[in-house]
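Letters A, B, ... mirror the listed sequences (proteins, then strands); counts begin at 1. Remember, predicted model here, so these are calculated numbers, not experimental data.
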Amino acid sequence: MSPLLALTDVTVTFGGVHAVDHVSLDVEHGSMTGLIGPNGAGKTTLIDAVTGFVELASGRIDFDGSSIERLPAHRRSWRGLARTFQSLELLEDLTVRENLTVAAEMAPWWSALASVARRKAAQRSEAVEIVLASAGLARVADVVVTELSHGQRKLVTVARALVARPKLVILDEPAAGLDSGERGVLRRLLVETVEGGTTILLVDHDMGLVLEVCDTIWVLDFGSVLSAGPPGEVRKDPRVIEAYLGLAEEAAADGIEGDGHGAG
Amino acid sequence: MGRVDAAAGGRTGGEVLLVTRGLTGGYGGVPAVFDLDIEISAGEVVALLGPNGAGKTTTLLTVAGLLPSLAGEISVLGEPVGRRRSGRAHRVARRGLAFVPEGTALFFDLTVRENLRLGFVPGRRRADLEGVLDRFPALQDLLGRKAGLLSGGEQRMLGLARALLSRPRLLVLDELSLGLAPLLVKQLLMSLREIADGTGTGIMLVEQQVSMALAAADRAYVLSGGRLVLEGPATELAARHELLETSYLGEVAFGQDGPEET
Amino acid sequence: METFLAPLLLGLGSGAVYALFGSGVVLTYRASGVVNFAVGAMAMCTTFVFAELRSSGDLHLPVPGLPSQIHLADEVPFLVALIISLAFAALLGLVSYLLVFRPLLHASALAKVVGAVGLMITLQAFVVLRFGSATLGVAPILPSEPVELLGMNIPRDRIYLAVLAVLLGVGLWALYRFTAFGLATRASAENETGIVLLGRSRNLLAALNWTLAGVLSGAAGILLAPLTLLDPGTFTLLVVPALGAALIGRFSRFGLTVAGGLALGMAQAGIIKLQASVSWLPRVGLREGIPFLVILVVVALGGRVLPSRGAIVERRAPQPPQPRRVLASTGVLVALGAAGLFILQGSYRAALIASLIAALVCLSLVVLTGFVGQISLGQMAFAGIAGFALSKLGEGVGIPFPLAPLLAACIAALAGLAVGVPALRVRGVNLAIATLAAAVAIEELVFKNPDLTGGFEGSKVPLPHLWGLDLSIGGESSAAYPRVAFGIFALVVVALVGLGVANLRRSTIGRQMLAVRANERAAAAAGIDVAATKLVAFGISAFIAGMAGAMIGYQFSRVSFTSFSVFASLTFVAVAFIGGINRVSGALIGGLLVANGLLFTVLEEWAGLGKYQLMVSGIGLIVAAALWPEGIAGAIGSGWARLRSLIKAPGSTVVEVGAADDTGAQREVQRESAASPH
């Protein structure tokens with residue numbers, strides 16, 4: 001079977017600089033795939049390219065059997081491609097439930113417009129309630145998102161990406177800024193999501209999390225693929241250690257500690 | 001409050017840069033941190049730890065003069081920080097406190113070079129730009145780029161570099177490691193240690209990466225539910241992490257199963 | 001070719017003035033995020049002070065409590081008069097900041113627009129009260145003997161002015177590019193917390209910039225006065241080309257603004273020449289209209305459909321609340337309105353009808369600005385299009401009553417889409433000014449063309465009849481003007497549109513609109529077609545404005561361009577904001593507040609405001625913009641909520657949510673520091 005997401009020779013330029021430089025990369029169906037790399041390596045730009053927020057200079061993106069690189073962002077989302085942003089990009093002034101409901105409806109504008117006549121009041125959707133519960137947000141469902149703590153807001157973005165039951169969800173640093181308890185909730189949510197059949201592409205600097213939950217890890221440096229493989233191999237790759245992890249032993253230890261066990 | 005080996009707390013001899021006595025702070029008159037006694041001396045790196053929502057950021061904002069204190073006293077570099085609403089933050093900055101908030105407070109529409117130029121705070125001696133950039137070689141090639149187009153990690157570096165240009169006497173950092181690669185976090189914490197040792201700058205940092213923070217710090221305070229629950233030398237806290245865990249886990253907002261699940 | 005060069009060079013004079021005003025606008029925008037609609041009015045005040053000093057030797061002081069004028073000398077030398085006037089201008093800039101814009105520092109972009117419109121109206125009212133609305137002549141300052149250039153005789157002062165504008169542009173560019181002050185100003189406009197953390201006072205920076213802007217606009221006014229006639233109307237209107245120049249400079253670049261101003265002046269002069277030599281071109285409107293059409297297109301081409309990473313998000317007004325008990329409140333309000341129509345007589349009934357129609361315009365703004373956050377400063381252009389279309393469809397083609405106004409509103413909706421398409425690529429203040437440019441173009445090219453609209457006379461609108469019922473305002477006999485039947489007609493239209501807008505807020509598209517308003521990138525990621533959602537809003541909003549335009553036609557039994565001017569649009573935005581632009585009830589309150597509406601009619605009849613009406617409404621706008629970010633409706637709403645919570649649970653005021661802290665405080669500060677963008 002062909003991979004769910006396949007990038008072929010993708011290049012993105014900003015003012016003459018190749019932010020992403022001829023990257024080819026696959027995400028298999030049902031996998032939890034990691035994408036790591038130093039700051040400025042082009043990870044977020046790559047996500048932007050896949051989800052339609054920047055234009056490709058060249059290359060091809062296939063998702064679920066068809067090429068999507070010419071579709072606008074919202075149409076890629078209709079095809080089952082969801083994402084979160086490092087900068088949260090929440091719908092501020094809306095409640096947690098409203099944030100999720102908007103994403104769950106996934107309605108093209110014509111059918112959304114027709115709903116004015118149908119006069120159905122905002123009914124509680126089951127999908128929204130399920131995701132609220134599994135992300136531990138049920139208690140704050142009716143709170144305006146700006147009133148939440150950083151960690152809760154982060155979980156809202158993840159929940160919002162999951163609520164429309166996408167085929168692939170791309171998470172941009174979901175663990176950043178979470179405390180140990182919140183990281184636990186996130187990890188469980190990720191594992192449950194993959195078990196439920198959704199594929200995940202995970203970008204994060206929390207090596208404890210990435211090494212533990214991912215089946216395959218891609219490493220990006222200077223806009224190109226530096227290394228790829230199962231976690232065990234990637235963490236031992238000397239190029240990855242030099243560019244990203246630092247000393248091998250130390251990195252692994254630190255990562256797992258940072259991930260929950262506090263002062264190790 | 002728990003106190004681990006009180007006798008060993010703090011380095012001796014350095015000038016005291018920050019003192020809070022019975023500080024209560026919060027937003028909109030609603031207190032979020034209560035009765036804090038914190039001290040930082042010259043050349044000291046002090047970590048402020050605790051789960052999200054414990055009041056770490058509120059503490060930093062109050063100390064930097066961005067939030068009015070509700071009760072108690074704050075003295076930064078020998079002068080009290082006003083209780084009246086904001087407006088005072090620029091005076092605190094001129095006195096020598098540099099605060100890098102979680103959002104870094106960069107100017108996205110300005111270039112990296114222009115952001116750095118603004119780091120020269122009026123009335124303070126200027127640090128050598130080249131010297132500061134030596135610590136952040138990645139920024140060298142980006143001087144002409146708009147700060148808004150930098151990656152998240154590059155922005156954190158720029159925020160820190162800009163803060164160093166005013167030769168601060170007290171450096172206050174909120175979530176420095178947010179979104180940074182592990183290697184870079186280690187390097188940055190090492191530079192902070194060097195800065196503290198070399199220039200006598202006092203450093204207060206809020207950090208989620210507990211072990212890394214403790215490795216670089218001299219002392220740590222642990223906040224939970226808006227109160228100080230633990231305080232002591234970093235080495236002691238690092239060695240006895242069960243203490244840290246109890247103070248953390250009691251207040252974690254979500255599932256208690258989190259950390260044990262590994 | 002030569003014949004065209006001369007007028008182009010002549011246009012340098014007015015172009016230079018646009019450039020100066022435009023630079024002043026960019027300056028205050030950079031310093032405090034305010035689009036200074038009052039730039040022309042501020043210049044006018046200074047120019048009048050200067051002119052009075054030169055002609056009578058009197059210094060006029062607009063300060064209550066001090067003598068209104070002091071006789072300085074019988075003959076005030078030019079330089080002394082200039083210095084005094086510029087000092088006055090500096091003070092005017094500073095005071096405008098301290099009294100009007102400093103309280104609005106943390107307000108939404110829209111509140112700042114309203115404050116600036118309020119200042120514009122106040123200053124204009126002040127000048128009319130103090131100096132009268134007569135025209136003043138000012139002796140030339142720069143020598144105007146012709147100079148021979150490229151074989152043509154050009155008055156010297158045009159050349160001087162152009163050179164002055166260019167020098168000023170370069171000077172300002174250098175000031176903001178290279179000096180510490182300029183850099184700090186640019187930074188402070190973007191991130192207030194950031195600049196404070198770096199040891200600068202935001203307040204001091206803004207005050208200095210406003211002082212500088214005051215001097216700049218004052219000087220521009222004094223230089224301009226000899227070229228044109230000095231009367232309150234002309235000067236206030238100068239804000240439009242000045243905003244055009246600023247828009248070309250994207251409200252941030254002085255060089256482009258100056259170039260844009262000069263080009264605008266030259267283009268206008270060139271178009272006049274063209275009109276004279278090409279017989280089939282319309283006689284009016286081209287000069288004012290064409291350049292704005294060009295600006296609109298140029299600006300739109302440069303933008304992106306989705307904001308890029310690191311784009312700065314402007315402050316927004318609070319989000320529209322979920323409407324509750326819609327049917328019940330509609331019933332009560334319709335009953336109240338009907339009772340009012342029957343009880344009130346004569347001018348009061350006319351005022352209530354005017355308020356109902358104005359509420360329709362406000363409702364159109366609730367959809368576009370309240371729900372989707374797109375500021376439109378050209379709403380009356382859509383109303384006008386429908387009004388004139390109604391006249392053509394009804395009188396010309398003979399389409400019967402209920403169909404003709406609906407078709408007319410559909411035509412307005414199409415115009416809304418036409419403006420909406422280029423508007424997709426601009427945001428915030430640039431969008432606001434782009435809609436203003438579109439409205440100017442429509443007004444000048446269409447409304448003022450007598451062949452299309454009948455000019456000042458206007459064109460006739462057929463009387464509305466339905467199933468034998470006479471719904472017209474005057475009826476066949478002019479016995480009981482205005483007739484209750486027309487009032488009920490207007491009431492029914494407002495009720496239906498109001499219900500529709502309330503339903504829109506509760507529907508899926510309504511949620512999508514709110515999502516687009518909150519965050520375009522997030523909305524797109526959640527599968528919302530941002531462009532289509534905005535266009536739907538533009539269409540619906542223009543349709544509602546079009547209904548209002550048709551009702552205005554029926555109200556006066558004819559339509560003329562005076563009802564649909566750009567300044568009418570600006571006033572409506574202000575009124576809609578004060579009422580409460582994010583909800584239906586706010587639009588209804590807004591309707592009561594318009595100049596010929598119920599509130600001012602009552603004030604006029606009871607308190608006899610008379611000549612102070614303009615002044616009172618201007619000051620009212622300024623105060624309300626600062627006091628009520630959600631308008632009067634919002635203030636009533638939250639006051640009511642507080643009252644109820646007090647009754648229910650005395651003592652408990654705060655409801656705690658989520659974690660103990662790091663919420664409100666952190667958010668407030670982080671929003672200012674614009675969080676990390678990615």
> Write down the atom of C:Leu198, the atom of B:Ala93, and the distance for their closest heavy-atom approach.
C-CB, 4.3 Å

> Might you confirm whether atom CZ of B:Arg94 has over 12 heavy atoms from other residues, nucleotides or ligands at distances under 6.0 Å?
yes

> With distance as the sole test, does B:Arg91 use its side chain to make a donor-acceptor pair with the main-chain N or O of C:Ser201 at under 3.5 Å?
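The answer is no, because no donor-acceptor pair under 3.5 Å joins these two groups.
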
> If you measure from CG on C:Leu183 to CZ on B:Phe107, what distance do you get to the nearest 0.5 Å?
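It comes to 8.5 Å.
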
> Please find the pair of heavy atoms, one from B:Val121 and one from C:Arg200, that lie closest to each other, and give the distance.
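In terms of heavy atoms, the two residues are closest at CA-NH1, 4.0 Å.
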
> Quick check on C:Arg250: does its CZ atom have over 12 non-hydrogen neighbours (other residues, nucleotides or ligands) under 6.0 Å away?
yes

> First locate atom OG1 of C:Thr193, then atom CG of B:Leu66, and finally report the distance between them rounded to the nearest 0.5 Å.
6.0 Å

> Look up atom NE2 in B:His90 and atom CZ in C:Arg202, then write down how far apart they are to the nearest 0.5 Å.
13.0 Å

> Can you measure from CG (C:Asn191) to CG (B:Asn115) and round to the nearest 0.5 angstrom?
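It is 9.5 Å, given to the nearest 0.5 Å.
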
> Residues in side chain to side chain contact (heavy atoms under 4.5 Å, CB included) with C:Pro103, at least two apart?
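Scan of C:Pro103 (side chain to side chain contact (heavy atoms under 4.5 Å, CB included), adjacent residues dropped) gives C:Ala626.
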
> Donor-acceptor pairs under 3.5 angstrom involving side-chain atoms of residues 173-181 of chain C: please list them, not counting sequence neighbours.
residue	atom	partner	partner atom	Å
C:Tyr176	OH	C:Asn209	OD1	2.4
C:Thr179	OG1	C:Leu175	O	2.5
C:Thr179	OG1	C:Gly182	N	2.9

> Main chain of B:Asp109, side chain of C:Glu190: is a donor-acceptor contact present, judged purely on distance under 3.5 Å?
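Pair found, side chain donor or acceptor close to backbone of B:Asp109.
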
